[in-house]
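Report on the following structure.
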Amino acid sequence: MEDISARPDYLGHRQRIRRRFLLGEGKDMADYELLELALTMAIPRRDVKPLAKTLIKKFGSFAGVVNASQNELAAVEGVKENTITMLKLIKAAALRTSWQNLNADDAPVINSFDSLVDYCRSAMAYGDIEEFRIIYLNTKLRLIGEETMQKGTINSVSIHPREVIKSAMEQKAAAIIMVHNHPSGDTTPSKADIEMTKAVARACRLVNITLLDHLIISRSSCYSFAEHIDLKNL
């Protein structure tokens, strides 16, 4: 018969935190507690509360931890491949769920604008370089797919209208939404952003494709060109 008194204290704590999670599915748990529970799956034989608190302190939040790069995570003492895999799995699951929910909606994607922004923020806002994506839409403005077209530097990413049009036509898209992130956190469009958006809008019109919007994403805000410029009449 197992001597319960000889079991490490953290095993009982793990059972309690697991039961607490199942009762409320994590709604009443602090970020470090939710992260701690996730870490128990990757690190089965160690007290992981100190590591969870270290990660939250370094990256600021649960979202900050799961969105940290693999190199950033690996630089934290105690984080091994299993832990990185678990954290990246959490991010991938969240993104896939968000994307599939958007695809499941029969309404035009513009009716789920907030959900689209949330998806783009989760996918792009935590990157340390600028990234340019296109979201493809059909004639009913429902999602067809998406593509990361270009990755740039910390404060710039270049894209040519010809590349956008070519990809949109290959996807048989009737409309597109362009998205890129600003790692600085300031979503104010640069002069280059404005000129590129105008050029793409004009090029799209020549081939009967609608540039529905161009979003600039950060962790805390979003700039929509469609709210500031009449993209259909440039």
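- Minimum heavy-atom separation, Gly127 to Asn181: O-ND2, 4.0 Å.
- Shown here for Ile90 and Val66, the closest heavy-atom pair between the two residues is CG2-CG1, 4.0 Å.
- Looking only at side-chain heavy atoms (C-beta outward), Leu215 and Phe113 come within less than 4.5 Å of each other.
- Using a 4.5 Å heavy-atom cutoff, the side chains of Glu130 and Pro183 are in contact.
- Distance check, rounded to the nearest 0.5 Å: CG of Leu37 to CZ of Arg18 gives 7.0 Å.
- Tyr119 and Phe62 end up in different hydrophobic clusters when Ile, Leu, Val, Met, Phe, Trp and Tyr side chains are linked at under 4.5 Å.
- For the residue pair Glu147 and Tyr136, a side-chain donor N or O sits within less than 3.5 Å of a side-chain acceptor on the partner.
- Linking Ile, Leu, Val, Met, Phe, Trp and Tyr whenever their side-chain heavy atoms come within less than 4.5 Å leaves Leu231 and Leu137 in two separate clusters.
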Anything under 3.5 Å between a donor and an acceptor, one on a side chain of residues 161-176, the other on a protein residue two or more places apart or in another chain? List them.
| residue | atom | partner | partner atom | Å |
| --- | --- | --- | --- | --- |
| Glu163 | OE1 | His160 | N | 3.1 |
| Ser167 | OG | Glu163 | O | 3.2 |

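- Applying the side chain to side chain donor-acceptor pair (under 3.5 Å) definition to pairs two or more places apart or across chains, those involving residues 66-89 are Asn67-Lys91, Ser69-Glu72.
- The nearest pair of heavy atoms linking Val65 to Phe59 is N-CB, 3.8 Å.
- One distance of note links CD1 of Ile217 with CE of Met124; it measures 7.0 Å at 0.5 Å rounding.
- Between Ile159 atom CD1 and Met178 atom CE the span is 9.0 Å, to the nearest 0.5 Å.
- Cluster annotation: Ile17 is connected to Met86 through the hydrophobic network of ILVMFWY side chains, with a link wherever side-chain heavy atoms come within less than 4.5 Å.
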Under the side-chain contact (heavy atoms from CB on, under 4.5 Å) rule, what do Leu143 and Trp99 come out as? Steps first, then yes or no, please.
CA-CA 9 Å; Leu143 297 173; Trp99 180 256; 3.9 Å; yes

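- Atom CG of residue Asp118 and atom CG of residue Leu102 lie 9.0 Å apart, to the nearest 0.5 angstrom.
- In this structure, the side chain of Asn103 does not engage the main chain of Gln100 through any donor-acceptor pair within 3.5 Å.
- Met149 and Ile144 fall within the same hydrophobic cluster, defined by Ile, Leu, Val, Met, Phe, Trp and Tyr side-chain heavy atoms under 4.5 Å apart, directly or through other members.
- Residues Ile216 and Phe225 form a side-chain contact, since some pair of their non-hydrogen atoms from C-beta on lies under 4.5 Å apart.
- Among residues at least two apart or in separate chains, side chain to side chain donor-acceptor pair (under 3.5 Å) pairs with a member in residues 203-218 are His180-His214, Thr197-His214, Asp213-Ser224, Ser218-Ser221.
- Using a 4.5 Å cut-off between side-chain heavy atoms of Ile, Leu, Val, Met, Phe, Trp and Tyr, with links allowed through other members, Leu34 and Leu89 fall into different hydrophobic clusters.
- Side-chain polar atoms of Ser98 and Asn101 form no donor-acceptor pair below 3.5 angstrom.
- Ionic pairing of Glu36 and Lys49 is not present here: no N-O contact between side-chain nitrogen and carboxylate oxygen is shorter than 4.0 angstrom.
- Between Ala42 and Pro44, the shortest heavy-atom distance links the atoms O-CD, 3.5 Å.
- Met29 has its side chain within reach of Arg20: a pair of non-hydrogen atoms, C-beta onward, lies under 4.5 Å apart.
- With 3.5 Å as the limit, one finds no donor-acceptor pair spanning the side chains of Ser184 and Asp186.
- For His228 and Tyr223, the distance between ring centers is under 6.0 angstrom.
- To the nearest 0.5 Å, the span separating SG on Cys120 from CD1 on Ile135 amounts to 4.0 Å.
- Between the Arg121 side chain and the Arg219 main chain, a donor and an acceptor come within less than 3.5 Å of each other.
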Output, in order, the C-alpha distance, side-chain angles, deciding distance and verdict of side-chain contact (heavy atoms from CB on, under 4.5 Å) for Leu211 and Ile177.
CA-CA 6 Å; Leu211 175 60; Ile177 297 173; over 6 Å; no

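- Here the CG atom belonging to Leu55 is positioned 14.0 Å from the OH atom belonging to Tyr32, to the nearest 0.5 angstrom.
- Residues Arg46 and Ile43 form a side-chain contact, since some pair of their non-hydrogen atoms from C-beta on lies under 4.5 Å apart.
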